[in-house]
Trainee: 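Dropping the structure in here first, questions after.
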Amino acid sequence: MNTTPLAPAALRPSDSDGTDETLFAGIASDLREQGYSIRPAALPADLAEALYTHQLSLSGEDFSAAGIGRGNDLMQNNFVRTDEICWISGESDAGRRWLNWSGGLQQYLNRRLFLGLFSFESHFAHYAPGDFYRRHLDAFKGQQNRVLSLVVYLNPGWQADDGGELVLYRDSTDQEGIRVTPLMGTVVVFLSEEFPHEVLPAQRDRYSIAGWFRVNTSLGGAIDPPR
Ligand code: OGA
Ligand code: MN
């Protein structure tokens, strides 16, 4: 399926100039202090470009209507969300590079914050003009599935009046939230159980990748199935 256990460090090329390390350290301290991190222009530019190009090359058939819930409980619900998604496997070069980068983040956060992140699943998302994803949580307390959410944006030249902001609410009572412009290269990370969020309708096509790090909730040796 789409959950990818992290490859041993020896199998993953390290970033030669330490740029990822600096970013990952910033994300780790943001998470420790406030539970979320919003970092504009943070995704390495060559990776953002590769993902953007790859995502444009996907046809409409590669995308399917997004659902809510997991496994047999998966439901399509156009009241909650209307975007289309395409799960990322390691089949494309861009997909592999993305999984390698997110694997590096996973490893860094495990070392620094002892989060015990075990696997990662992610998809491209396409919001056509007018599409939205209403206020929701990515995980529910006690279910122990998705621990950390990661979103990156692939929209060069996004303007303020294009709309489509992510609104991240600090807690269940927050009505104002923090607005994030979905501009190319912005990286957002937050604790999945803690931060309700929504995607406002946009005036133009909006592309993002959403991913989730999960802990291993396996029992009796059976690996927890993805989604
Ligand atoms: C999600 C999500 C946010 C975004 O897919 O769960 O909240 O900005 N996406 O694309
Ligand atoms: Mn979400």
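Keep in mind it's a predicted model, so treat the numbers as computed, not measured. What you see below is based on every heavy atom in this structure, not just the backbone, and it leaves out hydrogens, waters and symmetry mates. Every number for a ligand or one of its atoms is a count from 1 in the order of the listing.
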Trainee: Is H197 touching ligand 1 with its side chain, its backbone, both, or neither, if touching means heavy atoms under 4.0 Å apart?
Mentor: side chain

Trainee: Tell me, yes or no, whether the heavy-atom count around R97 atom CZ, taken from other residues, nucleotides or ligands under 6.0 Å, exceeds 12.
Mentor: yes

Trainee: Between R206 and ligand 1, which residue portion shows a heavy-atom distance shorter than 4.0 Å: side chain, backbone, both, or neither?
Mentor: side chain

Trainee: Could an N or O of ligand 1 be found under 3.5 Å from any N or O of D138, whether backbone or side chain?
Mentor: yes

Trainee: Which option out of V180, V199, L168 puts a heavy atom nearest to atom 3 (C) of ligand 1?
Mentor: V199

Trainee: Mind checking whether W98 and F124 have ring centres under 6.0 Å apart?
Mentor: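 Judged by ring-centre distance (under 6.0 Å), W98 and F124 do not meet the cut-off.
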
Trainee: Is a side-chain N or O of T181 found less than 3.5 angstrom from the main chain of L183, in a donor-acceptor match?
Mentor: no

Trainee: Nearest 10°: the angle subtended at the Mn ion (ligand 2) by H136 NE2 and H197 NE2?
Mentor: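 Taking the Mn ion (ligand 2) as the apex, I get 90° for this pair.
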
Trainee: Kindly state whether the ring of H197 and the ring of F190 have centres lying under 6.0 angstrom apart.
Mentor: yes

Trainee: For atom 5 (O) of ligand 1, which protein heavy atom lies nearest, and how many Å away is it?
Mentor: A210 CB, 3.6 Å

Trainee: Report the atom name of the nearest N/O/S atom of D138 relative to the Mn ion (ligand 2).
Mentor: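 Of the nitrogen, oxygen and sulfur atoms in D138, the Mn ion (ligand 2) lies nearest to OD1.
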
Trainee: Tell me the contacting part of F195 for ligand 1: side chain, backbone, both, or neither, using a 4.0 Å heavy-atom threshold, strictly below.
Mentor: neither

Trainee: Check the side chains of D138 and S192 for a donor-acceptor pair under 3.5 angstrom, ignoring hydrogens and angles.
Mentor: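 Side-chain D/A pair, S192 to D138: absent.
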
Trainee: Counting non-hydrogen protein atoms only, what is the nearest one to atom 8 (O) of ligand 1? Give residue, atom name and distance.
Mentor: Y153 OH, 2.6 Å

Trainee: Among all the protein's non-hydrogen atoms, which is closest to atom 9 (N) of ligand 1, and how far away is it?
Mentor: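 Protein heavy atom with the smallest distance to atom 9 (N) of ligand 1: Y127 OH, 4.0 Å.
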
